[in-house]
Engineer: 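The structure's right below; bear with me while I get my questions together.
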Amino acid sequence: MSLAKNLALLRHLPKVDGVRLAEFGRSADVSSPLEEVTGFGDNPGNLRMFAFVPAKLQKPRALVVVLHGCGQTAAAYDLGAGWSTLAKHYGFALVMPEQQRANNGNTCFNWFNPEDTARGGGEAQSIREMIAHIAEAHRIDPKRVFITGLSAGGGMTSVMLATYPEVFAAGAIIAGLPYGIASNLREALDGMFHSPARPERELGDFVRRASNHRGPWPKISVWHGSADRTVNPGNASDIVKQWLDLHDLPAVPMAETIVDGYPRQAWWNKDGETLVESYAITDMAHGTPLGLADNDQRYGIEGAFLIEAGISSSYHIAKFFSLTGWIPDAAGKKAGPGTSKPALSPAPHLARSIRAAVAEEPAEPKREAARGFDLGQIITRALTAAGLMK
């Protein structure tokens, strides 16, 4: 959809499934499941904090931080991408920082401003304070904190993963940019439109210089539309190169598969754990791809930079974060994050039924055909099930 059509959609659909669509420039209103949190700590970046914590949380407790794109609010992006629906269904906490026009006229996170992209200051520090606040208030497992974002929010996701790598287990960047490629607006625009070629080591060193952390590094999932004219798709390749260098992984993918019609590349460690993955959404413009999840559930709704593509990026990202293996059944029993056959009774709010059976997460094949198998992951699962590997 064009930007004009997306804006028109936002204006003319005041309610979707009983939830108000927040207009551009407005913050989350009373109809949104998000609640504003004030007094969360130091706020040098002058951001607003919105959060959603469902009544039932999977154990160990998990948190996902979601960063909206330019021209969006926390509530509008949540509704569009479906994160609070995912959080309620799978039982994890949600934090959605919101930019203010006083900081950026287009409500973009300032992913290129040195004052906002260094550890211990600006917007990065504000987001870190939000995470610490919600983690303490709801006893979040420090090993289960994740972050994702779109566009400028994707750029700020790169910032957070670089400046506070010890905080996050994994991150997902949608139509974003790698950390460290810009320190002013001119460089930011050059990176967005042209994506100059940079060697892997240089990109990795940008992150190494951002903190004293030397590993282990967060896992990373990268998403980008091949027809993006706002942020050059070459940035996706550079994000992948940046994190391959940090994880000391080869440039050649270990697996190339087709997921919901789109190419996915993956790299894993010696234990079979996927550390880096990349989705190229063929012919898609700038935005977050939407579609059905593996269980036929619909997450999100089309809007500005929220594009129907036949694949639910939010669901696949939550799956990459290992958050989708838990569903409360009708009796309140829970299936743990690593359970291969979770309870199948859907949460009450689901609009569509879940399939009668839920299969294990498809593994990445080693150069096999799509929907093939990953021998390393199968062996790892077998050893784990046998109690020979943790």
Side-chain angles (χ1 to χ4, degrees), residues 1-3 5-24 28-29 31-34 50-52 54 64-96 98 146-151 153-154 157 172-176 221 223-225 228 259-262 279 281 284-321 323-324 346-347 349-354:
M1 297 178 68
S2 69
L3 176 58
K5 289 182 178 178
N6 278 323
L7 289 170
L9 178 64
L10 285 177
R11 292 191 184 102
H12 291 96
L13 291 181
K15 288 189 177 181
V16 179
D17 293 335
V19 181
R20 181 196 293 270
L21 268 164
E23 295 179 4
F24 280 6
D29 61 23
S31 300
S32 171
L34 303 179
F50 292 88
F52 173 71
V64 178
V65 181
V66 180
L67 301 172
H68 63 77
C70 297
Q72 296 174 324
T73 63
Y77 188 66
D78 173 49
L79 179 63
W83 274 104
S84 60
T85 304
L86 276 160
K88 184 177 180 182
H89 182 44
Y90 291 112
F92 57 84
L94 194 66
V95 165
M96 297 193 70
E98 184 175 285
F146 310 94
I147 188 167
T148 182
L150 164 68
S151 192
T157 297
I173 299 169
I174 306 172
S221 179
W223 296 70
H224 215 115
D228 193 332
V259 178
D260 293 343
Y262 297 104
Y279 285 83
I281 310 303
M284 192 186 82
H286 187 67
T288 294
L290 309 178
L292 295 178
D294 287 354
N295 57 12
D296 290 336
Q297 168 65 17
R298 172 79 191 195
Y299 295 103
I301 183 170
E302 285 183 273
F305 309 115
L306 295 150
I307 302 171
E308 174 57 47
I311 183 170
S312 175
S313 57
S314 299
Y315 171 78
H316 283 286
I317 289 168
K319 191 173 183 179
F320 181 72
F321 293 164
L323 296 173
T324 59
H349 71 286
L350 290 177
R352 303 180 66 155
S353 62
I354 297 176

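The first residue in the sequence is number 1, and the count goes up from there.
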Engineer: Quick check for you: to the nearest 0.5 Å, what is the distance between Ser32 atom OG and Phe52 atom CZ?
Structural biologist: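 The CZ atom of Phe52 is 9.5 Å from OG of Ser32, to the nearest 0.5 Å.
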
Engineer: Would you give the length of the straight line joining atom NE2 of His224 to atom OG of Ser151, rounded to the nearest 0.5 angstrom?
Structural biologist: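 It is 8.5 Å, given to the nearest 0.5 Å.
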
Engineer: Using the test side chain to side chain contact (heavy atoms under 4.5 Å, CB included), find all partners of Thr148 that sit at least two apart in sequence or belong to another chain.
Structural biologist: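 Side chain to side chain contact (heavy atoms under 4.5 Å, CB included) check on Thr148 returns Val64, Val66, Trp83, Ala172, Ile174, Ile317.
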
Engineer: Tell me, please, which residues at least two apart from Thr157 pass side chain to side chain donor-acceptor pair (under 3.5 Å).
Structural biologist: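 So Thr157 forms no side chain to side chain donor-acceptor pair (under 3.5 Å) with any residue.
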
Engineer: Taking the side chain from Tyr262 and the backbone from Ala309, do they hold a donor-acceptor pair closer than 3.5 Å?
Structural biologist: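 Side chain of Tyr262 to backbone of Ala309: a pair is present.
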
Engineer: Can you list everything that forms a side chain to side chain donor-acceptor pair (under 3.5 Å) with Tyr315? Sequence neighbours excluded, please.
Structural biologist: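 For Tyr315, no residue satisfies side chain to side chain donor-acceptor pair (under 3.5 Å) once neighbours in sequence are set aside.
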
Engineer: For Tyr77, enumerate each residue passing the ring-ring contact (aromatic ring centres under 6.0 Å, His included) test, keeping only those at least two apart in sequence or located in another chain.
Structural biologist: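 Partners of Tyr77 under the ring-ring contact (aromatic ring centres under 6.0 Å, His included) test: none.
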
Engineer: If you apply the rule side-chain contact (heavy atoms from CB on, under 4.5 Å), what do you find for His68 with Glu98, and how did you get there?
Structural biologist: CA-CA 7 Å; His68 63 77; Glu98 184 175 285; 3.9 Å; yes

Engineer: Without swapping roles, check the side chain of Glu302 against the backbone of Leu290 for a donor-acceptor pair under 3.5 Å.
Structural biologist: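 Not at all, since once roles are kept as given, no pair shorter than 3.5 Å links the two residues.
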
Engineer: With respect to Ser313, which candidate in Thr288, Leu306, Leu150 satisfies the side-chain contact (heavy atoms from CB on, under 4.5 Å) definition?
Structural biologist: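 It is Thr288; the other options fail the test.
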
Engineer: Do Asp228 and Ile281 touch side chain to side chain, with heavy atoms closer than 4.5 Å?
Structural biologist: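 When only atoms from C-beta onward are counted, Ile281 and Asp228 do not touch, as no gap falls below 4.5 Å.
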
Engineer: Can you measure from OG (Ser312) to NE2 (His316) and round to the nearest 0.5 angstrom?
Structural biologist: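 If I round to the nearest 0.5 Å, the distance is 6.5 Å.
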
Engineer: Mind checking what makes ring-ring contact (aromatic ring centres under 6.0 Å, His included) contact with Phe321, not counting sequence neighbours?
Structural biologist: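 Residues passing ring-ring contact (aromatic ring centres under 6.0 Å, His included) with Phe321: Phe146.
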
Engineer: Got a second to check how far Lys319's NZ is from Leu86's CG, nearest 0.5 Å?
Structural biologist: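 Nearest 0.5 Å value for the NZ-CG distance: 12.5 Å.
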
Engineer: Output the distance between atom CD (Glu308) and atom CZ (Arg298), rounded to the nearest 0.5 Å.
Structural biologist: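 The CD atom of Glu308 sits 4.5 Å away from the CZ atom of Arg298.
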
Engineer: Specify the closest pair of heavy atoms between Trp223 and Pro289, including all atoms of both residues, with the distance to one decimal.
Structural biologist: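 Residues Trp223 and Pro289, closest heavy atoms: CE3-CG, 3.9 Å.
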
Engineer: If you look only at pairs with a residue in residues 64-86, which of them pass as a salt bridge (charged side-chain N to carboxylate O under 4.0 Å, His left out), with sequence neighbours excluded?
Structural biologist: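 Checked against salt bridge (charged side-chain N to carboxylate O under 4.0 Å, His left out) - neighbours excluded - no pair reaches residues 64-86.
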
Engineer: Give the minimum heavy-atom separation between His286 and Phe305, together with the two atoms involved.
Structural biologist: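 Looking at all heavy atoms of both residues, the closest pair is O-CD2, 3.6 Å.
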
Engineer: Which pair of non-hydrogen atoms, one from Ala74 and one from Phe50, has the smallest distance, and what is that distance?
Structural biologist: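 Closest approach of Ala74 to Phe50: CB-CD1, 4.0 Å.
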
